[in-house]
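Given the structure is predicted, the values throughout are model-derived calculations rather than measurements. Just so we're on the same page: letters track the sequence lines, and every chain starts at 1.
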2 protein chains.
Amino acid sequence: MASRAKATILDIAREAGVSKSTVSLVLQGSGLIRPETAVKVRKAIEDVGYVYNRGAANLRKAHSNVIGMVINDLTNPFFAELAVGMERVFQAAGVVPFIANTAENPVRQEEVLKSMMEQGVAGLIVSPARGTTPGAFRRIEAAGVPVVFAMRRLPESRIPAIAPDNRRGACLATEHLIRKGHRRLAFFGGSSDLVVYQERLGGFLEACEAFAIPVADRTIVEGQTSRKGGMACLDTALAMPEPPTAALCFNDAVAFGVILALRKRGLEAGTDFAVVGFDDVAEAEHYSPALTSVAVDTAGLGERAAHVMLKMIQSRTTRAEDHIGAVSLVVRESSGPDRNSQVGDAA
Amino acid sequence: MASRAKATILDIAREAGVSKSTVSLVLQGSGLIRPETAVKVRKAIEDVGYVYNRGAANLRKAHSNVIGMVINDLTNPFFAELAVGMERVFQAAGVVPFIANTAENPVRQEEVLKSMMEQGVAGLIVSPARGTTPGAFRRIEAAGVPVVFAMRRLPESRIPAIAPDNRRGACLATEHLIRKGHRRLAFFGGSSDLVVYQERLGGFLEACEAFAIPVADRTIVEGQTSRKGGMACLDTALAMPEPPTAALCFNDAVAFGVILALRKRGLEAGTDFAVVGFDDVAEAEHYSPALTSVAVDTAGLGERAAHVMLKMIQSRTTRAEDHIGAVSLVVRESSGPDRNSQVGDAA
DNA sequence: TCCTATAAATGGAACGTTCCAATAAATCAA
DNA sequence: TTGATTTATTGGAACGTTCCATTTATAGGA
């Protein structure tokens, strides 16, 4: 079937009776060749089943048109949305992003980054895996390849990051709970080695301060950022002598876990215990009860990150400013007033 | 910062005081070089911040170590799981798969495939976009690059496919509903241009035949394969003179939509209307009510597809056998007995 | 007619690797 | 010592492009 040796530009040249240079020009859509010649060449290209060898081309050309996207957890619908946002703008720019998953594993991340660099990517958009070492991107920066962090950032890095306003989102959500009359508040899930965690917890504490919630009435339970983690958090919290009546969760997955654990105890989120999520994934709206959550416009952040990347490539720089995305609290059913309080502003 | 011109094998050679051939050998881990020399070279590699240029290498070597994974909808958690399964086996084989999303768009798919081919992928695992034209893979096959379809297949194609036993799954699920006493059955969602749809609908009809459900009592409503589509399907079905009492849905997303639409009408899935999904995504178990669904072992299929791919590459063939994955029905709360029937085998 | 200006097409030298054939160095048997 | 053998190392020719500097063809002006 397949002509064994793959066709090259020279085969086309022979077929069309022109020189390889002419073929190359046609391939690049140069206006210098006579239209009839171009047609002839294009026909030959079709006939021999030619496929362009970008590797060979990149040997001469400055840089490629592929952009790598390294994501820490493809399973999280949240990241899929981020990817979709990026793709929208890359597609318009005629770039095909290649996505790779690190499964939250720094070693795998190292491999993936190496592979992408070897492939000669023009830029890298990364949501770094937990536990990424500070030096992980040193070599990439040294090579002059632009990198943008999306959603997550590294503690001390000078790489530009595109992320939502985590602190403000958490602050908004916490205020909302306090206004509903809750006085014993919890922050569930996540772990302190993530910058995002520190930001969200920071917002939570900021609101607690502002409303003079005593330290003794703040419960902070670290845990996995998954349903399972959320379930564990609730169990730990309710086992305390003076348990909280409301919780802000590190993300929606944790919140779903909390709702599940509540139901398992015969309690209902919203009426017996208030829960607020973070990220506002598509599922939040449809959950039962519908989950109050901090919306972060994930796809929008993806688009933003892609734009920044494109601009960095164009201006051949490796630096750019951080972008903080606006957030908003979407109030739904899961965050009802405190039953024992008269302060709640519920109807 | 970065030494502008990127380091090549020759720079390393100069630095280490050896020839480029020696460096190349070290890079490939050849046992032919003296250990001390290797150490010296490796040090030089580190010093100059070298990054391997796979494009240049592929110019000489037969083929690359990258495998492309082209997926029609990254947003569907189902496909993320498929990707995760594949990655597991590729990682073990030292291969980094590059994922690209086609967003169910054949034109985008064309671009993506072209880009991957140009990049010199060793093989392609594809879940084709709806509406893929029969000839879309002709050129790729002609180029001798192995292709495997995952989850979906094309009507007449000779490309090997790895997919679950859709017919059997649908048949099992339908039998389950009939055994629960349901006699007026519906099949919700999907559209007939998909092979998967035909298979699943085929299983549904097969079970209907086997249990002598009259044609008049079978309702088939095509629709989008999303929550929204599922909601629309239910509305259409309940508007009929003799509405069904149970539905097998094309996939879980449709099923979730049906459950939502039921609730909107004050009905509860499981007690008022039975609904069964397909794919058994992680969410199914945690939904309320928990969704009865056909489990397809997505990650397992991903692994299988990856193995087939690896084998094809190794034996440099472009052909392989189809693999049909086993399915099983996971019964949960959403598929209760028909209230008006005495035949139900419920406790 | 010849000269110049413009348009179209071309040869050849890179680009950074691999790999073969060849060389150089070290070891061994006689 | 010499030649044969093994062990390490090396130069050079590919690989498939791009792009610069040329060449060749075409047209226009005198």
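Whole-Å rounding puts the B/Leu10 CG to D/dG12 P distance at 13 Å. Distance A/Arg54 CZ to C/dG16 P: 19 Å, rounded to the nearest Å. When the P atom of D/dG16 is taken as reference, atom CD of B/Gln119 falls 17 Å away, rounded to whole Å. In this entry the distance linking CG of B/Leu59 with P of D/dG16 reads 7 Å, nearest Å.
Considering only side-chain N and O atoms, B/Thr8 lies nowhere under 4.0 angstrom from the phosphate OP1 or OP2 of C/dG16. Dashed line: the shortest gap from a side-chain N or O of A/Arg34 to OP1 or OP2 of C/dA9 is under 4.0 Å. OP1 or OP2 of D/dT10 lies within a sub-4.0 Å distance of a side-chain N or O belonging to B/Thr22.
In terms of the side chain to side chain donor-acceptor pair (under 3.5 Å) criterion, B/Gln314 has no residue partners (sequence neighbours excluded).
Residues B/Glu111 and B/Ser115 have side chains that never bring a donor and an acceptor to within less than 3.5 angstrom of each other. A/Thr318 and A/Glu141 share no side-chain donor-acceptor pair at under 3.5 Å.
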Nucleotides 18-22 of chain C: which of its N/O atoms have a protein N/O under 3.5 Å away?
{"unit_1": "C/dT18", "atom_1": "OP1", "unit_2": "B/Tyr52", "atom_2": "OH", "d": "2.9"}
{"unit_1": "C/dT18", "atom_1": "OP2", "unit_2": "B/Ser24", "atom_2": "OG", "d": "2.4"}
{"unit_1": "C/dT18", "atom_1": "O2", "unit_2": "B/Arg60", "atom_2": "NE", "d": "3.4"}
{"unit_1": "C/dT18", "atom_1": "O2", "unit_2": "B/Arg60", "atom_2": "NH1", "d": "3.1"}
{"unit_1": "C/dC19", "atom_1": "OP2", "unit_2": "B/Gln28", "atom_2": "OE1", "d": "3.3"}
{"unit_1": "C/dC19", "atom_1": "N4", "unit_2": "B/Ser21", "atom_2": "OG", "d": "3.4"}

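You'll find the ring centres of A/Phe137 and A/Phe149 inside the 6.0 Å limit.
Panel note: side chain B/Arg139, backbone A/Tyr50; a donor-acceptor pair is recorded below 3.5 Å.
Between B/Asp11 and B/Lys6 no salt bridge is recorded (no basic side-chain N to carboxylate O distance below 4.0 Å).
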